[in-house]
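What follows is one structure encoded as structure tokens, with my remarks underneath.
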Amino acid sequence: MYVCVCNALDENTVREAARKNNGFQSAIKIYESLGVKPQCGMCLCDAQEICNMEKQSHQSQ
Ligand code: FES
């Protein structure tokens, strides 16, 4: 399922990028690491939630 339709980023791609970077502070940083930028911005809340989950799971290990 796409998290970001504008950039064709699916949940796994965003999650994987967050995991590799220990859950960046912001979704925008994750997008930058993937070489894209937010466009409409509709996805940022969901992308941020994924980042937060990955960050929490990294910290609890
Ligand atoms: S859905 Fe991600 S920028 Fe539009």
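Indexing begins at 1, ligand by ligand and atom by atom, following the structure's order. Sequential numbering from 1 along the given sequence is applied to the chain's residues. Since we're looking at a predicted model, the values are computed, not measured.
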Contacts of type side chain to side chain contact (heavy atoms under 4.5 Å, CB included), residue Q39, not counting sequence neighbours: C6, N7
Quick check on the hydrophobic clustering: are Y2 and V14 connected, directly or via other members, by side-chain heavy-atom contacts under 4.5 Å? no
In terms of heavy-atom contacts, does CE of M53 have more than 12 from other residues, nucleotides or ligands at under 6.0 Å? yes
Quick one: does M1's side chain get under 4.5 Å of D10's, heavy atoms only? no
What I'd like to find out is whether the side chain of S26 reaches to under 4.5 Å of the side chain of Y31, using heavy atoms alone. no
Check for me: within less than 2.8 Å of atom 2 (Fe) of ligand 1, which protein N/O/S atoms show up? C4 SG, C43 SG
Could you tell me whether a side-chain N or O of Q48 sits under 3.5 Å from a main-chain N or O of A27, the two making a donor and an acceptor? yes
